[in-house]
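Side-chain atoms are counted along with the backbone in the values below, which use heavy atoms only and exclude waters and symmetry mates.
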Amino acid sequence: MGRQRQWLSATVIAHLVTLPLGMSAPAVWALSATLEGVEGEVAGNIRAYLQNIEEDEYTETRLEGEIRQRTRQAMRVYGYYEPDISIDLPEEGEPRLTIEPGPQVTIEILDINILGDAAQDEPFEDALEGFPLKEGDTLRHAPWDRLRGEFSGLAIERGYFDWGFTDRRMEVRPYLQSARLYMDFDSGPRYRFGETLITGSHIQPERLQQMRTYEVDEPYLAESLARFNQRLAETGWFSSVSVRPRLETAQELALAPSGGGDPWWVSATESQPTRPRITSSALASALSTQQSGDTSLPIDVSVEPANRHQFETGIGFATDVGPRLRFGWDQPWINRYGHSLDHDLYLSAPEQRFTGVYDIPLEDPLRDSYRLQYGVRNVDDSDTDSLEGTVEIARRWEFDNDWVQSLYFRTTYEDFTQGGEADQVWLFYPGIQWSRTRTRPQRFPLWGDRQQFSVEYSDQAWGSDAQFLRLTGDTEWIRTYGDDNRFLARVSFGAIETRDFDKIPPSLRFFVGGDRSVRGYSYEGLSPRNEEGKLRGGQQKLTSSLEYQRRVTGAWWGAAFVDAGDAFDNWGPADLKKSVGLGVRWISPVGPIRLDVAHPLDDADDNWRLHFSIGPEF
């Protein structure tokens with residue numbers, strides 16, 4: 001058989017070649033039989049072949065013949081070509097099969113060859129080296145069929161679009177208990193990436209070209225197209241993205257009639273996608289191009305713009321802040337350069353804030369950008385009363401290891417009263433932050449971690465009202481062992497070195513307590529206090545938490561935890577506040593819902609506190 005061009009997708013091929021050997025379409029469990037003389041995989045495959053026989057549709061003679069034929073087919077895939085099968089069909093009860101398997105066929109000749117460019121391609125070499133059968137082994141059909149599927153799947157994935165089997169034979173001689181296996185796979189040439197044509201984009205094509213995960217004339221790889229497709233989708237600029245190689249065969253080209261007009265089949269296929277039509281001379285030219293060995297493969301990218309205005313609302317509740325409302329207005333693109341603008345409004349009893357982010361993507365839009373952030377925040381909680389306005393300009397980089405670096409300059413005006421002491425301050429300070437968040441799955445992570453570390457510095461030399469060096473860091477880890485044991489650990493620290501602590505606004509001081517800090521204590525209720533007993537905020541903080549969760553049933557989990565932490569003024573606390581508790585987790589359709597009962601171990605009132613919240617840990 002000569003080489004032929006194959007146009008099946010790699011997904012379809014992989015699906016076809018990984019079907020369990022001997023399995024049919026979803027079966028009707030109508031016939032079960034008692035088997036004697038065979039066991040293990042052989043017996044299992046026989047049952048698989050017999051399971052969709054409906055006894056009522058056969059006469060006794062036909063039923064016996066059908067059972068015998070299917071049993072032989074099921075045993076051949078394990079090398080049994082001459083079994084002796086006795087069938088007993090009682091009037092009542094299951095059919096009984098007594099089987100003498102006989103000798104297994106062994107491989108006398110095994111001849112497998114890879115021809116074409118794939119002969120030097122490592123994945124094909126690995127597939128061939130991993131083939132488990134050799135001469136003298138018992139014949140099994142599954143590895144042979146699996147290798148055939150691997151070759152064809154690799155060919156599609158790696159750009160060998162002219163592949164074919166020039167020889168593929170399995171010659172079995174049951175009377176000699178021997179088999180001869182021949183396979184010659186001719187990959188033909190490997191295609192290479194050609195030019196990329198982008199249609200339907202409202203964003204500059206040059207900007208999308210910069211996001212390509214391949215270069216022109218690189219060997220074709222389906223994975224590169226998939227990553228390019230994913231990167232385009234992640235920008236948020238498009239409602240749909242399609243990245244495809246331009247594959248055309250003579251069968252796909254419809255000849256235009258010589259007299260002009262539409263060919264006769266157009267009216268019969270109006271509902272089908274329109275294919276290009278060319279003249280016979282153009283067709284001959286196209287075919288000659290293929291025959292000339294041109295392996296450049298153009299890539300077609302088709303996109304549709306996303307909605308320019310997107311709105312999102314959210315309602316939640318947490319014990320610390322009570323009911324909360326969020327309204328988001330996102331503009332994933334506002335011009336042809338891909339700039340975006342997001343606004344967010346958050347409302348709760350102790351805090352209200354409005355923030356905006358203007359994003360200017362650079363050469364790699366997903367990884368490099370400038371950001372202008374601004375916001376207004378009002379806090380009225382316990383001993384804190386603050387009105388804050390902030391503007392920040394940042395340069396953001398995302399690295400290949402998923403770490404994100406942000407270098408920023410922030411200016412803040414805050415009018416505050418903390419613990420009865422009022423002030424108004426202007427702060428101008430640069431900072432740098434490193435962060436990384438990894439979770440899977442997203443809604444209720446069974447594995448994940450989050451790290452964040454930042455350094456900020458303010459000085460009166462450039463007009464700031466206070467001089468300080470501020471460091472913060474957080475790390476959280478989620479690990480699951482087995483299917484039912486989930487562990488969560490968290491550590492958070494912060495420190496401010498300053499001689500002007502009275503000028504440090506509440507937004508930069510440290511407070512501890514609440515359902516995301518030390519449970520069992522009120523929200524941000526732990527910090528040093530002034531002479532009047534009011535919260536003043538600390539110059540340092542340290543918190544930690546260890547939690548064990550056990551699945552009870554389905555989406556319900558139980559939890560036990562211990563928390564410790566405090567905010568303080570000296571480097572190193574004299575003693576950390578501690579709490580223990582139990583909780584329940586329900587993985588609801590809208591996200592995890594957490595209910596905790598926590599007991600503070602260092603509270604004079606010795607009270608229990610209930611914590612309720614919605615959403616993942618991070």
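In this structure, R168 does not pair ionically with D184, as no charged nitrogen and carboxylate oxygen lie closer than 4.0 Å. Salt-bridge annotation for E150 and R148: absent, with no side-chain N of the basic residue lying under 4.0 Å from a carboxylate O of the acidic one. Residues R367 and D400 are paired through a salt bridge, judged by an N-O separation under 4.0 Å between the basic side chain and the carboxylate. A salt bridge between E66 and R70 is present, with a side-chain N of the basic residue lying under 4.0 Å from a carboxylate O of the acidic one. A salt bridge does not link D300 with R244: none of the charged nitrogens is closer than 4.0 Å to a carboxylate oxygen.
Side chain of S369 to main chain of D359: no donor-acceptor pair is present (N/O by atom type, distance under 3.5 Å, no hydrogens or angles). Judged by distance alone, the side chain of R490 and the main-chain N or O of W477 form no donor-acceptor pair under 3.5 Å. Put simply, the side chain of R68 gets close to the backbone of I85: a donor and an acceptor are under 3.5 Å apart. At least one donor-acceptor pair under 3.5 Å links the side chain of T106 to the backbone N or O of Q177. In this structure, D449 contributes its side chain and E476 its backbone to no donor-acceptor pair below 3.5 Å. Without hydrogens or angle criteria, R550 side chain to A560 main chain gives no donor-acceptor distance under 3.5 Å. The backbone N or O of Q209 lies less than 3.5 Å from a partner atom in the side chain of R212, making a donor-acceptor pair. In this structure, T480 contributes its side chain and L446 its backbone to a donor-acceptor pair below 3.5 Å. With E223 contributing its side chain and R158 its backbone, the two residues share no donor-acceptor pair below 3.5 Å. Between the side chain of S187 and the backbone N or O of A118 there is at least one donor-acceptor pair closer than 3.5 Å.
Counting only heavy atoms from C-beta outward, the side chains of S201 and L208 approach each other to under 4.5 Å. In this structure, the side chains of F453 and R436 stay at 4.5 Å or more apart for every pair of heavy atoms. The shortest distance between side-chain heavy atoms of I114 and L128 falls below 4.5 Å. A heavy-atom distance below 4.5 Å is not found between the side chains of W237 and L232. V241 places none of its side-chain heavy atoms less than 4.5 Å from the side chain of E304. Between E398 and D364 there is no side-chain heavy-atom pair separated by less than 4.5 Å. Residues F193 and I299 meet the side-chain proximity criterion, which asks for heavy atoms closer than 4.5 Å.
Judged by the 6.0 Å distance and 45° axis criteria, R190 is not positioned over the aromatic ring of F161. Under the 6.0 Å distance and 45° angle rule, R231 does not count as a cation-pi partner of F228.
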task = Tell me, with the steps shown, if E60 and R62 meet salt bridge (Lys or Arg N to Asp or Glu O under 4.0 Å).
result = CA-CA 6 Å; E60 183 174 330; R62 286 186 58 209; over 6 Å; no
ask   = Y160 and F124: ring-ring contact (aromatic ring centres under 6.0 Å, His included), yes or no, with the steps?
value = CA-CA 12 Å; Y160 299 94; F124 285 89; 5.4 Å; yes
request  = Any chance you could lay out the side-chain contact (heavy atoms from CB on, under 4.5 Å) test for W144 and L181, step after step, and finish with the verdict?
outcome  = CA-CA 9 Å; W144 178 255; L181 277 61; 3.3 Å; yes
key: CA sep, side-chain torsions, deciding dist, call: F444, W586, ring-ring contact (aromatic ring centres under 6.0 Å, His included)   = CA-CA 10 Å; F444 182 67; W586 176 44; over 10 Å; no
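Under a cut-off of 6.0 angstrom, the local environment of CD in E195 is sparse, with at most 12 non-hydrogen atoms contributed by other residues, nucleotides or ligands.
By the 30° and 60° cut-offs, the orientation of the rings of F487 relative to Y481 is perpendicular.
If you take CZ on R173 and OH on Y175, they are separated by 5.5 Å, rounding to the nearest 0.5 Å. Distance CD1/I46 to CD/Q51: 13.0 Å, rounded to 0.5 Å. Note that the CZ atom of R486 and the OH atom of Y548 stand 12.5 Å from one another [nearest 0.5 Å]. The CD atom of Q452 sits 10.0 Å away from atom OG of S406, with the distance rounded to the nearest 0.5 Å.
For residues 61-113, there are no ring-ring contact (aromatic ring centres under 6.0 Å, His included) pairs, not counting sequence neighbours. Sorted by first and then second residue, the salt bridge (Lys or Arg N to Asp or Glu O under 4.0 Å) pairs with a member in residues 95-106 read E36-R96; sequence neighbours excluded.
With no hydrogens or angles considered, no side-chain donor-acceptor pair links R227 and Q230 at under 3.5 Å. Counted by atom type alone, Q405 and W434 present one or more donor-acceptor pairs between their side chains at under 3.5 Å. If you check the side chains of T295 and Y220, you find no donor sitting under 3.5 Å from an acceptor.
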